[in-house]
Amino acid sequence: MNIRDVRTRWINVDKDVDKAKQMEELLDRWGFKDHQRISAVTGIEPHEAVRHGEEHYRNCAESHFKVLEETILKDEQPVLILEDDVEIETNAWSEDFPIPEDADAIYFGTSHGDNNYQAIDEKNGWLTISKVFSTHAILHISPHFSKKVIEVGKHWIYDKCHPFDVGIAYDIQSHYKVYAPKIPVFYQADSKNSVNKWEGMTRNPLNAKKRFTIGTMS
């Protein structure tokens with residue numbers, strides 16, 4: 001699969017015109033053929049449990065839900081969803097990613113989060129992941145996975161008052177085939193974030209473990 005051919009939708013708040021321009025230039029420069037800006041949802045009330053500067057969690061979640069409902073849940077075709085603070089890691093780029101046939105989703109962007117994640121090296125260039133945070137670069141392949149993201153995501157942001165990426169990480173990933181490249185293709189650039197600085201958590205590769213095979217010795 002050539003990632004540049006995949007339908008790509010990127011989320012951007014209307015007032016963030018500089019980020020929108022940067023995203024247009026980034027994706028055009030890297031040759032993405034079908035990318036489109038999606039106006040972010042901004043009218044959802046923030047929840048009580050977030051730190052100052054992170055009141056956008058519900059809006060962010062609803063923006064992702066909006067994209068999923070307008071794309072893969074409507075036509076069952078894959079969609080790459082990006083957030084507008086991303087940059088591309090040159091060393092991780094490949095024109096052709098041999099996507100595993102059983103993949104429900106690909107995290108082209110990952111985060112070390114609370115470091116309770118699991119990343120298993122599948123020896124084919126991919127990691128299978130669970131408990132991995134972040135939503136800044138996810139390729140949705142299975143409509144069933146995407147539908148579950150909305151269902152679980154709403155529960156986490158409205159009932160549990162926590163970010164929905166944590167809900168996906170803990171309640172969904174282990175039940176589906178979710179992969180990530182060994183080196184994140186997209187990371188959240190500090191230069192594009194005035195409050196939250198996620199580059200250190202999203203640019204470094206996950207700590208992977210080898211898959212244990214019965215009958216082998218190490």
Side-chain angles (χ1 to χ4, degrees), residues 11 47 49-51 54 56-58 60-65 67-68 72 78-83 85-86 89 92 97 99-189 193 196-213 218:
I11 299 168
H47 61 79
V50 298
R51 295 174 295 178
E54 297 182 355
H56 65 286
Y57 277 139
R58 282 187 176 178
C60 179
E62 288 289 357
S63 297
H64 279 264
F65 304 159
V67 178
L68 293 174
I72 189 170
V79 60
L80 173 63
I81 302 180
L82 303 176
E83 295 173 0
D85 61 350
V86 299
E89 184 64 76
F97 289 93
I99 302 298
E101 293 183 359
D102 61 350
D104 293 304
I106 303 288
Y107 271 56
F108 280 108
T110 55
S111 170
H112 286 257
D114 59 10
N115 284 318
N116 287 323
Y117 63 82
Q118 183 178 65
I120 304 298
D121 188 349
E122 297 294 345
K123 299 181 180 180
N124 59 359
W126 294 99
L127 309 173
T128 51
I129 61 172
S130 62
K131 297 183 180 179
V132 172
F133 296 175
S134 82
T135 55
H136 58 277
I138 302 176
L139 172 62
H140 288 257
I141 300 173
S142 164
H144 298 288
F145 173 84
S146 302
K147 184 177 180 180
K148 200 67 175 178
V149 165
I150 296 177
E151 177 186 328
V152 171
K154 286 182 178 292
H155 172 62
W156 274 72
I157 61 173
Y158 293 114
D159 300 328
K160 296 175 72 75
C161 290
H162 286 291
F164 85 114
D165 66 318
V166 181
I168 299 172
Y170 277 88
D171 288 355
I172 300 179
Q173 288 172 355
S174 62
H175 300 289
Y176 290 84
K177 289 292 186 178
V178 182
Y179 294 88
K182 291 184 177 180
I183 302 175
V185 177
F186 294 91
Y187 64 92
Q188 292 175 284
N193 288 287
N196 300 314
K197 302 296 184 179
W198 304 124
E199 186 167 322
M201 297 176 66
T202 62
R203 193 171 189 178
N204 294 326
L206 297 176
N207 296 315
K209 298 179 181 179
K210 294 182 179 180
R211 180 173 292 283
F212 175 75
T213 303
S218 58

Check your understanding: Would you say the side-chain atoms of D114 and Y170 include a donor-acceptor pair closer than 3.5 Å?
Key -> yes
Check your understanding: Do D165 and W156 have a side chain donor and acceptor closer than 3.5 Å?
Key -> no
Exercise for review: Anything under 30° is parallel, anything over 60° is perpendicular, the rest tilted; go ahead and classify H64 against F164.
Suggested key: tilted
Review point. Are the side chain of H136 and the backbone N or O of F186 linked by a donor-acceptor pair below 3.5 Å?
Key: yes
Review point. Roughly how far apart are L68 CG and K147 NZ, rounded to 0.5 Å?
Key: 13.0 Å
**Study point:** Check: Y117 ring centroid to F133 ring centroid under 6.0 Å
**Key:** no
Check your understanding: Is there a donor-acceptor contact under 3.5 Å linking the side chains of Y107 and Q173?
Key -> yes
Check your understanding: Nearest heavy-atom pair of S142 and I72: which atoms, and what distance?
Key -> C-CD1, 3.8 Å
Review point. Does atom NZ of K154 have more than 12 heavy-atom neighbours from other groups under 6.0 Å away?
Key: yes
Check your understanding: Between Y176 and K148, is a side chain to side chain contact (heavy atoms under 4.5 Å, CB included) present by the stated rule, with each step listed?
Key -> CA-CA 10 Å; Y176 290 84; K148 200 67 175 178; 3.8 Å; yes
Point to revise | Step-by-step side chain to side chain donor-acceptor pair (under 3.5 Å) determination, W198 to D85 | key: CA-CA 10 Å; W198 304 124; D85 61 350; 5.5 Å; no
**Study point:** Nearest-0.5 Å distance, CG of residue L82 to CD of residue Q188
**Key:** 11.0 Å
Exercise for review: Check the angle between the aromatic planes of F97 and W126 and answer parallel, tilted or perpendicular using the 30° and 60° thresholds.
Suggested key: tilted
Exercise for review: May I ask you to test the I168-V152 pair for a side-chain heavy-atom distance under 4.5 Å?
Suggested key: no
Exercise for review: Verify whether one side chain among Y179 and D102 offers a donor that lies under 3.5 Å from an acceptor in the other.
Suggested key: yes
Point to revise | Side-chain heavy atoms of H112 within contact of N204, under 4.5 Å | key: yes
